[in-house]
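What follows is one structure encoded as structure tokens, with my remarks underneath.
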Amino acid sequence: KAGVTQTPRYLIKTRGQQVTLSCSPISGHRSVSWYQQTPGQGLQFLFEYFSETQRNKGNFPGRFSGRQFSNSRSEMNVSTLELGDSALYLCASSLGLAGGLRTDTQYFGPGTRLTVL
Amino acid sequence: AQKVTQAQTEISVVEKEDVTLDCVYETRDTTYYLFWYKQPPSGELVFLIRRNSFDEQNEISGRYSWNFQKSTSSFNFTITASQVVDSAVYFCALSRGTDKLIFGTGTRLQVFP
């Protein structure tokens, strides 16, 4: 099976611009989660999508948004970029068990490294 | 509140040495899951193991072994006979039953030939 793919792998943007990152999950996986990794804050959860609905959300400003399509592919958008948004953005996919005290194993993609100048 | 602590920021060993990476977690939940991931320089997080709170059995997979102790809230990871290819950042993570992982700050392991 192909793994999680993310495009693009590298992006350079300037302050004030917006950016869209894409993630294709492992075939059969219905849940996609996004994480931000920075040297200062480490790995932080952004949000999770399951069946085209946002199921869980981290503590990030509204400039960070996402969506999921019917084929489970997901996009993440950051508007009005700030210098502090420079980070490695990781996408993870899992089977997506609906509810209950269960959790899936998340498998990560290679990430998109965003640099904001 | 949930928290994962990896007190070791960086560990350096020489090839063939054994090395243990520590992970201490905090949670009030009775049902939770613990994970270890490896992040090589390429950046991708590679899944290593998952453990649920009901199962305290230790696990061995080749040169890797994991020691889960609920009494001390620890989930430590040991690499036996380390190799240069083991050099990476290792993350311990906690999940409470949703698909949100809470990560520790990571331990950078450098294995020198």
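Every chain is numbered from 1 and lettered A, B, ... according to where its sequence line falls, protein lines coming before strand lines.
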**Q.** Residue, of A:P110, A:G42, A:G111, A:A92, that accumulates the most heavy atom pairs under 4.5 Å with chain B
**A.**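 Heavy-atom pairs under 4.5 Å are most numerous for A:P110.
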I'd like to know whether [atom1] of [X] has more than 12 heavy-atom contacts from other residues, nucleotides or ligands below 6.0 angstrom.
X: A:R15; atom1: CZ; value: no
X: A:N59; atom1: CG; value: no
X: B:R51; atom1: CZ; value: yes
X: B:K3; atom1: NZ; value: no
X: A:L83; atom1: CG; value: yes

Could you state the interatomic distance from [atom1] ([X]) to [atom2] ([Y]), rounded to the nearest 0.5 Å?
X: A:L90; Y: B:Q39; atom1: CG; atom2: CD; value: 6.5 Å
X: A:R55; Y: B:K100; atom1: CZ; atom2: NZ; value: 13.5 Å
X: B:L45; Y: A:C91; atom1: CG; atom2: SG; value: 11.5 Å

For the hydrophobic clusters of this structure (ILVMFWY residues joined by side-chain heavy atoms under 4.5 Å, transitively), does one cluster hold both [X] and [Y]?
X: A:L88; Y: A:L46; result: no
X: A:L21; Y: A:I26; result: no
X: B:L34; Y: B:Y90; result: yes

Q: For residues A:Q106 and B:Y37, report the shortest heavy-atom separation together with the two atoms involved.
A: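 That would be O-OH, 2.6 Å.
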Q: Check A:F45 against B:L101 and note the closest heavy-atom contact, atom names and distance.
A: CB-O, 4.4 Å
Q. Side chain, backbone, both or neither: which part of A:Q44 has an atom under 4.5 Å from a heavy atom of chain B?
A.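 For A:Q44, neither part sits under 4.5 Å from chain B.
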Q) Between A:L43 and chain B, which part of the residue has a heavy atom less than 4.5 Å away: side chain, backbone, both or neither? A)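 Looking at A:L43, backbone and side chain both touch chain B.
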(Q) Before we go on, tell me: are the rings of A:Y35 and B:F103 under 6.0 Å apart, centre to centre? (A)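 Yes, the ring centres sit under 6.0 Å apart.
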Q: Check whether B:T105 gets within reach of chain A through its side chain, its backbone, both or neither, counting any heavy atom under 4.5 Å.
A: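 Neither part.
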Q: Answer whether the closest heavy-atom distance between the side chains of A:Y107 and B:E44 falls below 4.5 Å.
A: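 No, too far: nothing below the 4.5 Å cut-off.
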